[in-house]
Amino acid sequence: MIPGARLIILGRQGAGKGTQCVRLSRHYVVPHISTGDMLRTSAREGTELGLMAKQIMDAGGLVGDEVMIGLVGERVRKPDADTRGYILDGFPRTVAQAEALARITADKPLHAVIDLDVPREIVLERISSRRVCRDCGTNYTAGPVVPSPWICDVCGGDVAQRADDTPDSVNRRLDLYETQTSPLIAHYSKLGMLAVVNGIGHPDHVFKRLCDAVEARR
Ligand code: AMP
């Protein structure tokens with residue numbers, strides 16, 4: 001394993017992207033840059049950006065391109081990401097964001113864009129049982145008996161359902177994925193940067209497929 005990589009992981013919400021990105025970021029020793037996590041942190045801190053983003057997130061909408069491009073542009077220039085690389089999770093989500101990212105990374109281009117492919121019917125099922133630690137973001141799956149209170153095994157934080165994981169909001173986000181984000185698959189495919197990885201199966205097998213796809217392109 002050679003540390004360092006600059007990657008984008010695309011995929012529907014609930015495709016297991018977050019968990020796989022955390023593993024990839026440990027494997028390649030690079031920061032995991034999740035724009036959703038950045039916005040949720042700002043919302044918890046009550047910043048102006050956070051309060052604006054929370055309303056949009058809870059309704060299942062997309063935060064404006066300009067704001068997102070500014071946030072990510074700043075983050076990838078920080079020393080850790082600038083020297084070792086990064087895993088981008090949740091960005092870009094529109095073609096305008098992808099075009100801006102190409103400008104931002106012109107001197108250090110991405111190694112690969114991976115589409116973690118899980119069909120809509122399956123992600124809908126997964127999201128309804130998804131629970132997340134409010135502090136460290138670790139994902140859990142709720143079974144028939146849900147612990148109350150549910151304490152995170154990793155950091156001792158509160159495990160709960162995300163405010164935007166309601167059926168209406170999830171459907172809206174998945175619709176937005178089809179209209180706004182899935183065109184990125186054709187966009188990166190034309191540029192010869194895309195690898196599609198089957199996201200169904202045991203998480204360890206999916207992880208191995210992701211690493212193989214990265215190694216084939218790095
Ligand atoms: P996620 O955790 O990636 O599912 O993101 C949660 C929510 O944050 C999304 O439903 C959007 O409202 C917002 N968000 C995250 N990343 C972006 C982005 N790149 N562009 C626009 N909105 C975003």
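As a basis for the values below, the full set of heavy atoms in this structure was taken, side chains included, without hydrogen atoms, waters or symmetry mates. Start at 1 and go down the list; that is how both ligands and their atoms are numbered.
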Nearest non-hydrogen partners of Cys152 and Cys136, listed with the distance: SG-SG, 3.8 Å

Is it the case that the ring center of His202 lies less than 6.0 angstrom away from the ring center of Phe207? no

Going by the closest heavy atom to atom 11 (C) of ligand 1, which one wins out of Ala59, Gly61, Ala53? Gly61

Among Gln180, Arg93, Arg162, which residue places a heavy atom closest to atom 23 (C) of ligand 1? Arg93

For ligand 1, which atoms, with element, lie under 4.0 Å from some heavy atom of [X]?
X: Thr35; result: 15 (C), 16 (N), 17 (C), 19 (N)
X: Leu39; result: 8 (O), 13 (C), 14 (N), 15 (C)
X: Gln97; result: 18 (C), 19 (N), 20 (N), 21 (C)
X: Arg40; result: 2 (O), 6 (C)

Could you tell me whether the side chain of Ser182 reaches within less than 4.5 Å of the side chain of Leu10, counting heavy atoms only? no

Student check: side-chain heavy atoms of Tyr86 and Lys78 closer than 4.5 Å: no

Crowded around Glu66 CD? As in, over 12 foreign heavy atoms under 6.0 Å? no

Is any NZ, NE, NH1 or NH2 atom of the basic residue among Lys208 and Asp204 found under 4.0 Å from an Asp or Glu carboxylate oxygen of the other? no

Would you call Asp82 and Arg77 a salt bridge, taking side-chain N to carboxylate O under 4.0 Å as the test? no

Nearest protein heavy atom to atom 7 (C) of ligand 1, by residue and atom, and its distance? Met57 CG, 3.6 Å

Is the contact between Val63 and ligand 1 made by the side chain, the backbone, both, or neither, using heavy atoms and a 4.0 Å cut-off? both

Would you check the N or O atoms of Gly90, main chain and side chain alike, for any that come under 3.5 Å of an N or O of ligand 1? yes

